[in-house]
Number of protein chains: 2
Amino acid sequence: MLAATRRNLLLERLRADGRLVAKDLARELGISEDSIRRDLRDLAAAGLCTRVYGGALPASAASSDYATRRSVATDSKRRVAAHASSLIRPGSTVILDGGTTTLELARAIPTGLECEIITHSPTIAAALLDHAASVYLIGGTLYKHSAVAMGAAAAEMAQRVSAELFFLGVVGIHHEAGLTTGDPEEAAMKRLLASRAAETFVLGSSEKLGAAARHVVLPLADVTAVIADPAHDTDLEELGRRTRVIRVP
Amino acid sequence: MLAATRRNLLLERLRADGRLVAKDLARELGISEDSIRRDLRDLAAAGLCTRVYGGALPASAASSDYATRRSVATDSKRRVAAHASSLIRPGSTVILDGGTTTLELARAIPTGLECEIITHSPTIAAALLDHAASVYLIGGTLYKHSAVAMGAAAAEMAQRVSAELFFLGVVGIHHEAGLTTGDPEEAAMKRLLASRAAETFVLGSSEKLGAAARHVVLPLADVTAVIADPAHDTDLEELGRRTRVIRVP
DNA sequence: CAACAACGTGCAGAAACGTGCACACTCTCA
DNA sequence: TGAGAGTGTGCACGTTTCTGCACGTTGTTG
């Protein structure tokens with residue numbers, strides 16, 4: 001097995017499980033723990049993961065994994081979420097992607113608003129329990145790190161729904177790289193969900209504008225608009241030439 | 001289990017419950033109280049929580065709203081959940097019903113235990129995000145009151161799974177009325193899930209023993225056993241003649 | 001004040017770690 | 001084609017870190 005392939009596998013594991021135990025991986029791959037440790041050391045040096053005693057955690061997760069981040073949404077995410085929720089009309093059907101920004105969007109939906117929400121995120125479904133909105137949950141194998149249902153069963157269920165709006169969460173929004181995320185399977189799922197809705201809006205909180213990750217979800221031209229809350233106005237110049245941009249007040 | 005993961009879990013618990021008892025967590029995670037205390041000491045030193053005699057409190061006082069306190073399980077539910085979790089063997093596949101007792105059971109599963117959990121409750125799926133267990137989420141239309149996926153899609157997905165164990169939560173456990181719940185559709189779903197598992201265990205916390213609701217889920221004879229924590233020993237006399245009863249210590 | 005639980009500290013065994021080294025393999029260049 | 005540099009891997013060894021236990025101390029409760 002190629003060392004590079006193995007490192008990709010490690011990163012893949014980290015994303016899927018949200019953690020990685022050196023001993024387990026060594027046994028599973030039939031190589032020594034030393035090699036795993038060396039890999040993790042290098043990946044950590046490159047900022048792709050965080051080393052802890054016994055294994056590693058995802059880069060962003062040293063002291064703030066998904067669990068932590070979900071409770072501390074930034075102001076920017078909150079502003080974007082608030083504006084996005086105003087686009088939901090009573091009686092309409094909406095698909096919500098997984099992630100912290102879309103979770104904030106779910107919370108921003110008026111409690112009394114009667115609409116239908118489709119989501120593959122159990123966290124978002126749980127957040128909508130006190131809302132009047134009816135919820136359709138897409139099931140499947142749970143991806144631990146991003147807390148969404150994935151896999152064949154999820155794809156099949158997603159294939160059968162349709163909606164007016166889809167709110168898409170991504171890792172990067174870049175005028176050249178387009179809309180990107182860290183995992184190829186997640187990218188495919190997001191693409192599938194986008195194909196089931198008439199209009200797709202991208203949630204663009206400040207830290208995402210100008211950023212890019214490894215796997216392309218969609219080109220900018222394929223979405224209806226980016227709901228953006230830029231740190232600097234210049235962030236939107238290039239973007240505005242490729243797609244419609246809604247600037248949050 | 002990684003020490004770093006454990007610390008994240010402690011913080012997560014603090015946020016969710018608004019408090020943390022060192023003794024309980026030690027038993028739940030299967031490690032000594034010393035380690036928990038050491039963790040809490042370090043977390044407190046980092047300003048992430050406040051140390052108190054017997055456990056810890058969140059660093060920021062604004063944490064436990066009414067909603068979270070409402071969902072805090074009773075001691076009886078915790079005892080039943082703890083015993084039920086000990087029935088789960090490594091590598092086995094388990095179906096978890098929805099409800100507060102099963103949620104407590106999900107939390108009681110050792111974080112490092114490798115097994116497969118099937119559930120139609122998004123709340124339980126979310127609670128298992130930092131466990132090693134892989135999670136298969138059954139989707140469908142969300143029933144707000146009991147926070148589970150229901151309907152045709154859920155039934156179809158449930159039909160396709162199979163497992164060794166099913167932990168069933170009900171509203172009433174009565175020697176004559178049998179196992180009952182408040183909603184006919186829920187009763188049907190619970191019946192379906194029971195039919196997909198080799199063995200069915202009923203979670204019988206004290207307030208359920210002797211109670212009954214309108215819709216029958218199953219007769220007592222159809223389940224493997226009731227895991228019971230009776231307020232009075234007399235509650236079990238009649239029950240023991242109809243089915244096997246496991247009394248929680 | 002007495003009984004008890006929780007606490008901190010020191011200690012020992014276990015596990016994980018980093019480092020240096022030997023060996024196998026690949027690639028380059030003469 | 002063969003020598004040499006560079007790289008990846010596994011092993012051995014000493015070091016660090018984690019964990020549970022024992023023991024004496026402090027805090028809580030009745």
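Below, chain A is the first sequence line, B the second, and so on; all start at residue 1.
Heavy-atom minimum distance, A/Leu218 versus A/Arg191: CD2-CG, 3.5 Å. Contact between A/Pro122 and A/Leu142 at its shortest, heavy atoms only, is CG-CD1, 3.7 Å.
Of all nucleotides in DNA chain C having an atom under 4.0 Å from a heavy atom of chain A, the first and last in 5' to 3' order are C/dA15 to C/dT19.
For the atom pair CG (A/Leu10) and CG (A/Leu20), the distance works out to 5.5 Å, reported to the nearest 0.5 Å. Atom OG1 of B/Thr200 and atom CZ of B/Phe166 lie 6.0 Å apart (nearest 0.5 Å).
By the side-chain hydrogen bond (donor to acceptor under 3.5 Å, both in side chains) test, B/Asp42 is found to be paired with B/Arg7, residues two or more places apart in sequence or in another chain being considered. Every residue was checked against the salt bridge (Lys or Arg N to Asp or Glu O under 4.0 Å) condition with B/Arg89, not counting sequence neighbours, and none meets it.
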message: Evaluate B/Glu116 against B/Ser92 for side chain to side chain contact (heavy atoms under 4.5 Å, CB included), listing each step before the verdict.
response: CA-CA 6 Å; B/Glu116 186 173 4; B/Ser92 62; over 6 Å; no
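Terminal axes of the helix from C/dC1-D/dG30 to C/dA30-D/dT1 (five pairs each, C1' rotation axis) are separated by 30°, to the nearest 10°.
With respect to the salt-bridge test (charged N to carboxylate O, under 4.0 angstrom), the residues A/Arg78 and A/Glu104 qualify. The pair A/Arg13-A/Glu28 meets the salt-bridge criterion, since a charged nitrogen lies less than 4.0 angstrom from a carboxylate oxygen.
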statement: In 5'-to-3' order, the base (B), backbone-only (S) or no-contact (-) status of each nucleotide in nucleotides 18-23 of chain D, using a 4.0 angstrom heavy-atom cut-off, is SBBBB-
If you look only at distance, which donor and acceptor atoms sit under 3.5 Å apart when one is on a side chain in residues 242-249 of chain B and the other is two or more places apart or in another chain?
residue	atom	partner	partner atom	Å
B/Arg242	NH1	B/His175	O	3.1
B/Thr243	OG1	B/Leu220	O	3.3
B/Arg247	NH2	B/Asp233	OD1	2.4

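Residue-level contact check: B/Val21 touches neither bases nor backbone, having no heavy atom under 4.0 Å from any strand.
When rounded to the nearest whole Å, the span between NZ of A/Lys23 and P of D/dT17 equals 20 Å. Distance B/Arg37 CZ to D/dT26 C1': 12 Å, rounded to the nearest Å. If you take CG of B/Asp42 and P of D/dT17, they are 12 Å apart, rounded to a whole angstrom.
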